[in-house]
Amino acid sequence: MSPVLNAVPVSILTGFLGAGKTSLLNRLLKDPDLTDTAVIINEFGDVSLDHLLVEASSDGIIELSDGCLCCTVRGELVDTLADLMDRMQTGKIKPLKRVVIETTGLADPAPVLQSVMGNPVIAQSYRLDGVVTVVDAVNGLSTLANHEEALRQVAMADRLVISKVSLATPDVVISLKARLRDLNPRAPIMDGDLPEVAKAELFHCGLYDPATKIADVGRWLQDEDVAEHDHAHVHDGHHHHDHAHCDHDHHDHGHHRHDENRHGTDIRSFSIVHDRPIDPMALEMFVDLLRSAHGEKLLRMKAIVAMSDNPDRPLILHGVQAVFHPPQRLAGWPDPSDRRTRMVLITKGLPEAFVRDLFDAFTGKPRIDRPDRQALEDNPLAVPGLRM
Ligand SMILES: Nc1nc2c(ncn2[C@@H]2O[C@H](COP(=O)(O)OP(=O)(O)OP(=O)(O)O)[C@@H](O)[C@H]2O)c(=O)[nH]1
């Protein structure tokens with residue numbers, strides 16, 4: 001098996017203060033499919049209480065109590081993951097099937113994701129599976145209006161769980177769903193009151209289908225609307241999401257409203273689809289420029305890329321801000337009938353047109369008023385000249 005398949009999947013469970021992360025985790029840990037899961041909880045404040053509230057599998061819980069996981073104890077998170085791996089390899093603990101990191105409610109998830117992806121030692125043993133964000137039905141709308149961290153938690157999510165639905169009026173839940181859909185058009189929205197939400201499948205956000213170990217790019221990229229982008233090459237109608245318990249408004253999806261201003265936020269979610277294989281150098285320069293010049297605005301990027309050096313073996317890219325997982329080459333296309341490059345990007349303050357222009361410049365679709373690849377290679381500083 002490849003090292004990537006052996007790598008322990010890491011899930012991030014986030015959500016604003018009091019949203020219901022610990023409650024959901026308690027329910028999840030009762031699922032037998034989540035045995036052999038280590039839970040890393042961090043707390044903000046002097047007194048650690050959350051570990052007392054998490055009932056199950058107490059010896060799997062590692063608490064980072066001296067501060068916020070996202071900033072002050074970042075080093076400690078990496079140390080904790082390394083220590084877990086060491087204990088697994090020396091037989092002190094059973095092999096883990098999964099690690100769940102519950103962040104503090106005030107965490108920006110990006111640095112947490114980066115700790116998993118960006119550290120070369122950690123990235124050998126672990127792979128980021130995905131981000132599950134809990135949003136409180138009662139307070140969600142006002143929290144999103146007032147707290148930047150909450151916006152980022154929603155924008156970066158692979159799954160959104162609405163908690164406390166039974167405490168809110170139906171109107172409020174409908175408005176909240178619309179707002180979530182607006183901020184993150186791709187993540188399935190789930191009703192946290194439903195028992196089936198608290199199942200291991202909630203965490204299956206990663207590239208590989210856990211049952212078959214085969215890459216499921218459609219689900220991973222959450223790319224129904226990527227397929228819709230190019231009507232000449234629409235998928236054959238099969239949807240990759242697990243729709244059993246998600247409330248997915250397909251009507252909304254089709255209209256590509258993603259580049260509208262989202263009620264005052266400048267978060268965007270969009271996709272780039274490209275038909276021809278891409279020169280590896282061009283891809284490298286595109287990604288390097290994007291992340292070096294605009295890394296902080298790139299909340300997430302996931303991609304499957306057809307490479308001209310070996311178009312039969314696509315490249316997988318997964319990045320958070322300036323930090324990317326080591327790129328991975330698949331043995332073949334997961335769906336041989338669709339060999340297009342597909343990229344999904346979530347940005348903040350980085351407009352879709354700008355990223356598209358940059359991509360076009362590197363992949364040979366220059367426009368008169370934009371520098372082409374040669375110009376960018378000769379003078380990378382020309383990039384800021386691409387007007388935003
Ligand atoms: N009725 C109801 N109450 C909930 C639900 N989820 C959480 N709660 C309550 O909301 C409060 C906060 O829940 P927690 O699970 O501690 O939330 P948290 O996100 O872990 O909180 P912090 O760690 O403080 O950020 C508790 O009193 C829970 O009992 C839910 O789905 N329904």
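First listed ligand is number 1; within each ligand, the first listed atom is number 1.
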Undergrad: Centroid separation under 6.0 Å, is that true for the rings of H147 and F16?
TA: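 Close enough - the centres of the two rings lie under 6.0 Å apart.
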Undergrad: So, the side chain of R291 versus the backbone of L298: is there a donor-acceptor pair under 3.5 Å, distance only?
TA: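 Side chain of R291 to backbone of L298: no pair is present.
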Undergrad: Between ligand 1 and L24, is the shortest N or O to N or O distance under 3.5 Å?
TA: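 L24 vs ligand 1: no N/O contact under 3.5 Å.
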Undergrad: If you measure every N/O of T22 against every N/O of ligand 1, is any gap under 3.5 Å?
TA: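 Yes - when backbone and side-chain N and O of T22 are compared with those of ligand 1, one distance drops under 3.5 Å.
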Undergrad: Could you tell me whether D360 and R356 have a side-chain N and a carboxylate O separated by less than 4.0 Å?
TA: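 Looking at R356 together with D360, the answer is no, because their closest N to O distance does not fall below 4.0 Å.
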Undergrad: Other than L167, what residues sit in its cluster of Ile, Leu, Val, Met, Phe, Trp and Tyr side chains whose heavy atoms are under 4.5 Å apart, directly or through others?
TA: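 Cluster partners of L167: V138.
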Undergrad: Answer yes if the side chains of S271 and R342 hold a donor-acceptor pair under 3.5 Å, and no otherwise.
TA: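 Side-chain D/A pair, S271 to R342: absent.
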Undergrad: For ligand 1, which atoms, with element, lie under 4.0 Å from some heavy atom of E102?
TA: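 In order of numbering, the contacting atoms are 20 (O).
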Undergrad: With side chain to side chain contact (heavy atoms under 4.5 Å, CB included) as the test, pick out the partner of L207 among H325, Q328, R127.
TA: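 The residue from H325, Q328, R127 that satisfies side chain to side chain contact (heavy atoms under 4.5 Å, CB included) with L207 turns out to be Q328.
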Undergrad: Can you tell which part of L167 has a heavy atom less than 4.0 Å from ligand 1: side chain, backbone, both or neither?
TA: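 The answer is the side chain of L167.
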Undergrad: Are K177 and D191 ion-paired here, with the side-chain N under 4.0 Å from a carboxylate O?
TA: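 D191 and K177: not salt-bridged.
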Undergrad: Tell me which one of K21, R27, K164 gets a heavy atom nearest to atom 5 (C) of ligand 1.
TA: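 Among K21, R27, K164, the closest heavy atom to atom 5 (C) of ligand 1 comes from K164.
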Undergrad: Considering both backbone and side-chain atoms of S23, is one of its nitrogen or oxygen atoms within less than 3.5 Å of a nitrogen or oxygen in ligand 1?
TA: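 Between S23 and ligand 1 (N or O atoms, distance only) the closest approach is under 3.5 Å.
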Undergrad: Which of the atoms of ligand 1 are close to A19, meaning less than 4.0 Å from one of its heavy atoms?
TA: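 Counting atoms of ligand 1 from 1, those under 4.0 Å from A19 are 17 (O), 19 (O).
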Undergrad: Of the listed options (G105, G18, S163), which comes nearest to atom 22 (P) of ligand 1 when hydrogens are ignored and any heavy atom counts?
TA: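 Going through G105, G18, S163 one by one, G18 has the nearest heavy atom to atom 22 (P) of ligand 1.
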Undergrad: Is ligand 1 under 4.0 Å from a heavy atom in the side chain of D193, in the backbone, in both, or in neither?
TA: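 The answer is the side chain of D193.
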Undergrad: Can you list the atoms of ligand 1 that are under 4.0 Å from a heavy atom of L17?
TA: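 Checking each atom against L17, I get 25 (O).
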Undergrad: Test of understanding: with side chain to side chain donor-acceptor pair (under 3.5 Å), list the residues that count as partners of N146, not counting sequence neighbours.
TA: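 Expected list: none.
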Undergrad: Taking a cutoff of less than 4.0 Å between a non-hydrogen atom of the residue and any ligand atom, is G192 in contact with ligand 1?
TA: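 Outside the 4.0 Å threshold, so no.
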